[in-house]
J.: 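Please read through the structure below; I'll follow up with questions.
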Amino acid sequence: MSSLQALCSGLPLRPLPENRGRQAGVPHAPVRTPSLSLEEKQLALRNALRYFPADVQELLAPEFAQELQLYGHIYMYRFCPDIEMRAYPVEQYPCQTKAAAAIMHMIMNNLDPAVAQFPQELVTYGGNGQVFSNWAQFWLTMFYLSKMTEEQTLVMYSGHPLGLFPSSRSAPRLIITNGMVIPNYSSRMEYEKLFALGVTMYGQMTAGSYCYIGPQGIVHGTVLTVLNAARRYLGIEDLAGKVFVTSGLGGMSGAQAKAAVIVGCIGVIAEVDKAALEKRHKQGWLMEVTDSLDRCIQRLREARKRKEVLSLGYHGNVVALWERLVHELDTTGECLVDLGSDQTSCHNPFNGGYYPVQLSFTEAQSLMASNPAVFKDLVQESLRRQVSAINRLAKEKFFFWDYGNAFLLEAQRAGADVEKKGAGRTEFRYPSYVQHIMGDIFSQGFGPFRWVCTSGDPQDLAVTDELAASVLEEAIADGVKVSVKLQYMDNIRWIREAARHRLVVGSQARILYSDQKGRVAIAVAINQAIACRRIKAPVVLSRDHHDVSGTDSPFRETSNIYDGSAFCADMAVQNFVGDACRGATWVALHNGGGVGWGEVINGGFGLLLDGTPEAEQRARLMLSWDVSNGVARRCWSGNQKAYEIICQTMQENSSLVVTLPHEVEDERVLQQALQL
């Protein structure tokens, strides 16, 4: 068993660790099919071997070649560390800086088997969200972090640690880029080749930026989404007896069962992978499990009648579930579902993100590797069937939304009936959850703010929970707009009930949706608590990349921007640079995430609070920019709520000066000009 000291000593070469291969009994990533030529295979092997001195290359080359042949990628299983992978208390890491130790804490949390979807393949979530491309990169990164001073910056190229470079104390300690491929070559097919060659990787969002906090983050987002969907579509606050049907219990999607219980509805979640389903059941996040559609429908009826709170996992394909719900409607006249969505990893539909209804789970995995073309055809047929069933139910009082996983985009590409007549490129028959549910929340500056207590002590987390709730309660007492008060109240309820719902998986972390004022106030309160030792160790602030300013994604985060700029990525890139300039401890910029490779540019940050006045100043500057950038962009695109927020913020801060748009008040001006 390795120690943290050994883990920070560089690649273990003399002696080489035993090659234990793939570990049995844990989930593994699907086999990739990059279709490399012989020359490309040689290049992939050459690229992998350059991490190692010549005297071990002859031994390693055959096993790396075998990995490439069997799994479509060189993961370097021999170098998977023999250590309990988890987020250790920050003081245990052998580092010269607090920042480096905190980054190590976050990296190891992303690879914790209790957190990561495919830990041996370094995948945190989403089926292909990599922390690193191979285990050599992990070892080297830990080594560099252990040596890093306050006047160096570690540079990461798509998982590869390029090295430590001289910088300043005010500069970020770590700068990450993932998947920064030249646009004309940023296709799915090119990605598979480039990843197999070991020269780029898909960091998803918080996988490759080392900021994932387990499924808690998406639990909270799903809670807010379902609550606000009920308000918008059903006109209710109380979800008792209402049924929410969806799919996915793997990485982030595993949160849906817990979210259903928190909002008080009946959640029915389909999952084809028995291991993922059992994991959520053992966690206590999934109350009941069945592999029988008959039992599933029977239990759903009982729960509706009794208005039970229930999370029911159906071990089977969600298409079969949707089609059975149509059958029940057609034979009994009863629509058994009120709200619906989908959280399969549809951004990666042909490599394990979506499984066709025509095959069993194991049959699908086999066909995916042996005949990708036939597998793709079956996936697209399955998508068409799923949409057909949803369309039938939607004729009743049932409401469906796209959860930003590219479901409707891939369904459209498959030829499913999802078109919306007269709509723009980012609109479909059903809205994305940003367009109808969360978009106004983003426009007001609310988004998934989070923090991690690096002591690993639950008591520290309890202190931060109390501080955050108090900050929001004080803001309400001081007076806020009704729409802002509603969001604050939802989040106070969330934070007050967080401990009871056992949301922590992995690091001692918390998430809540907050606006600019709330984020800054919470950060200042936490920093002061560290200074007076109420909190025993530094706290890392972060957020999901899926936020107000962090992501340009025309089919998700920016799908409610209608001025033509939804396909432009200036906001996310400016956010990455702006966070670095204003005091972030580390920053990350990614291609892909959520909706898929080539569809998104997104970025994130980590900011270490250590109780110093300098940390408070960095938090004030950086968090203000990190929110106001996106609100200003939404204001310029014509969003009225964002316009109001920016005007209010400018009144409060004379240093902020934003260009405000003028609306065309008379449409005849446009019509007459075009006639000319």
Side-chain angles (χ1 to χ4, degrees), residues 27 84-89 105-106 108-117 119 124-125 206 211-227 239 244 246 248-269 271 275-289 303 308-313 343 448-469 490-513 535 539-540 542 544:
E84 182 186 355
M85 189 68 73
R86 61 182 177 86
Y88 289 85
H105 180 94
M106 302 290 279
M108 293 188 73
N109 184 69
N110 272 25
L111 294 170
D112 181 341
V115 174
Q117 187 178 13
T124 301
Y125 70 92
T206 52
C211 292
Y212 192 60
I213 59 169
Q216 178 188 167
I218 191 64
V219 170
H220 187 35
T222 305
V223 164
L224 292 180
T225 300
V226 176
L227 281 175
L239 279 150
F244 172 51
T246 183
L249 286 165
M252 294 182 71
S253 60
Q256 297 181 107
K258 175 62 78 173
V261 172
I262 292 173
V263 301
C265 73
I266 300 155
V268 183
I269 307 100
E271 172 58 63
L277 188 136
E278 289 178 343
K279 179 178 181 179
R280 299 307 176 195
H281 192 219
K282 288 175 183 176
Q283 276 180 335
W285 286 31
L286 192 61
M287 294 166 66
E288 298 179 20
V289 171
E308 291 180 56
V309 175
L310 175 66
S311 57
L312 174 63
Q343 269 200 41
F449 182 53
R450 57 180 60 167
W451 59 88
V452 176
C453 298
T454 64
S455 65
D457 187 344
Q459 183 55 41
D460 276 356
L461 185 60
V463 172
T464 64
D465 284 348
E466 182 58 39
L467 290 170
D490 282 347
N491 281 280
I492 290 168
R493 171 186 168 190
W494 162 266
I495 211 86
R496 293 292 187 200
E497 297 181 358
R500 177 166 66 86
H501 288 298
R502 297 187 297 163
L503 295 164
V504 170
V505 178
S507 59
Q508 293 295 315
R510 185 68 71 228
I511 184 172
L512 61 75
Y513 270 56
I535 297 172
V539 171
V540 172
S542 186
D544 197 341

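FYI, side chains are in, hydrogens and waters are out, and symmetry mates aren't considered; it's all heavy atoms of this structure.
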J.: About how many Å separate NE2 of His105 and OH of Tyr88, when rounded to the nearest 0.5 Å?
T.: 12.0 Å
J.: Work out which heavy atom in Leu512 is nearest to a heavy atom in Ala468; give both atom names and the distance.
T.: CD2-CB, 3.9 Å
J.: Name all residues meeting the side-chain contact (heavy atoms from CB on, under 4.5 Å) criterion together with Pro27; count only those two or more places apart in sequence or in a different chain, and write none if there are none.
T.: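 Pro27 satisfies side-chain contact (heavy atoms from CB on, under 4.5 Å) with Phe118 only.
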J.: Counting N and O atoms only, with roles assigned by atom type, does the side chain of Lys258 sit under 3.5 Å from a partner on the main chain of Leu286, one being a donor and the other an acceptor?
T.: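 No, the answer is negative, given that no donor and acceptor are paired below the 3.5 Å cut-off.
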J.: Decide whether Thr246 and Gln343 meet the rule of one side-chain donor and one side-chain acceptor closer than 3.5 Å.
T.: no
J.: How long is the gap from NE2 on His501 to CD on Gln216, to the nearest 0.5 Å?
T.: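 Answer rounded to 0.5 Å: 11.5 Å.
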J.: What residues, two or more places apart in sequence or in another chain, satisfy ring pair (Phe, Tyr, Trp, His ring centres under 6.0 Å) together with His220?
T.: Trp494, Tyr513
J.: Just to verify, what does Val309 make a side-chain contact (heavy atoms from CB on, under 4.5 Å) with, not counting sequence neighbours?
T.: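 In terms of side-chain contact (heavy atoms from CB on, under 4.5 Å), with neighbours along the sequence ignored, Val309 is linked to Val261.
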J.: Evaluate the criterion side chain to side chain contact (heavy atoms under 4.5 Å, CB included) for residue pair Gln117 and Thr124; output intermediate values, then yes/no.
T.: CA-CA 5 Å; Gln117 187 178 13; Thr124 301; over 6 Å; no
J.: Measure the CE-CG distance between Met85 and Asp112 for me, rounded to the nearest 0.5 Å.
T.: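 So the gap between those two atoms works out to 9.0 Å.
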J.: Nearest 0.5 Å, please: how far is CD in Gln256 from OG in Ser311?
T.: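 Taking OG in Ser311 and CD in Gln256, the distance rounds to 11.5 Å.
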J.: Just by distance, do the side chain of Ser507 and the backbone of Asn109 share a donor-acceptor pair under 3.5 Å?
T.: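 Checking the backbone N and O of Asn109 against the side chain of Ser507, no donor-acceptor pair under 3.5 Å is found.
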J.: Using a 3.5 Å distance criterion without hydrogens, assess whether the side chain of Glu288 forms a donor-acceptor pair with backbone atoms of Gly313.
T.: no
J.: Check residues 448-462 and write down every donor-acceptor pair under 3.5 Å in which the side-chain atom is one partner and the other belongs to a residue at least two apart or another chain.
T.:
from   : atom 1 : to     : atom 2 : distance (Å)
Arg450 : NH1    : Cys211 : O      : 2.9
Trp451 : NE1    : Thr464 : OG1    : 2.8
Thr454 : OG1    : Pro538 : O      : 2.6
Ser455 : OG     : Asp457 : N      : 3.1
Ser455 : OG     : Asp460 : OD2    : 2.6
Asp457 : OD1    : Gln459 : N      : 2.8
Asp457 : OD2    : Lys536 : NZ     : 2.7
Asp460 : OD1    : Lys536 : N      : 3.3
Asp460 : OD1    : Lys536 : NZ     : 3.1
Asp460 : OD2    : Lys536 : N      : 3.2

J.: Checking side-chain contact (heavy atoms from CB on, under 4.5 Å) between Ile495 and each of Asp465, Asp490, Leu467, which is the one that passes?
T.: Asp465
J.: Any side-chain donor-acceptor pair under 3.5 Å between Arg502 and Gln283?
T.: no
J.: Roughly how far apart are Asn491 CG and Leu224 CG, rounded to 0.5 Å?
T.: 5.5 Å
J.: Going by heavy atoms in the side chains, are Arg496 and Ile492 under 4.5 Å from each other?
T.: yes
J.: Using the test side-chain contact (heavy atoms from CB on, under 4.5 Å), find all partners of Ala276 that sit at least two apart in sequence or belong to another chain.
T.: Glu271, Asp273
J.: Asn110 side chain to Tyr212 main-chain N or O, any donor-acceptor pair under 3.5 Å?
T.: yes
J.: Side chain to side chain contact (heavy atoms under 4.5 Å, CB included) between Ile269 and Phe244: does it pass, once the steps are laid out?
T.: CA-CA 8 Å; Ile269 307 100; Phe244 172 51; over 6 Å; no
J.: How many angstroms lie between atom CD1 of Ile511 and atom CG of Asp544, to the nearest 0.5 angstrom?
T.: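 These two atoms lie 6.5 Å from each other.
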J.: Does the side chain of Trp285 come within less than 4.5 Å of Leu249's, by heavy atoms?
T.: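 No, every pair of side-chain atoms sits at 4.5 Å or beyond.
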J.: Applying side chain to side chain donor-acceptor pair (under 3.5 Å), name anything that partners Glu278, two or more places apart in sequence or on another chain.
T.: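 Expected list: none.
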J.: Looking at side-chain heavy atoms only, is the closest gap between Arg510 and Leu503 below 4.5 Å?
T.: yes
J.: Of the options Val226, Val223, Thr222, Leu227, which is the one that meets Ile262 in a side-chain contact (heavy atoms from CB on, under 4.5 Å)?
T.: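 In the set Val226, Val223, Thr222, Leu227, the residue that makes a side-chain contact (heavy atoms from CB on, under 4.5 Å) with Ile262 is Val223.
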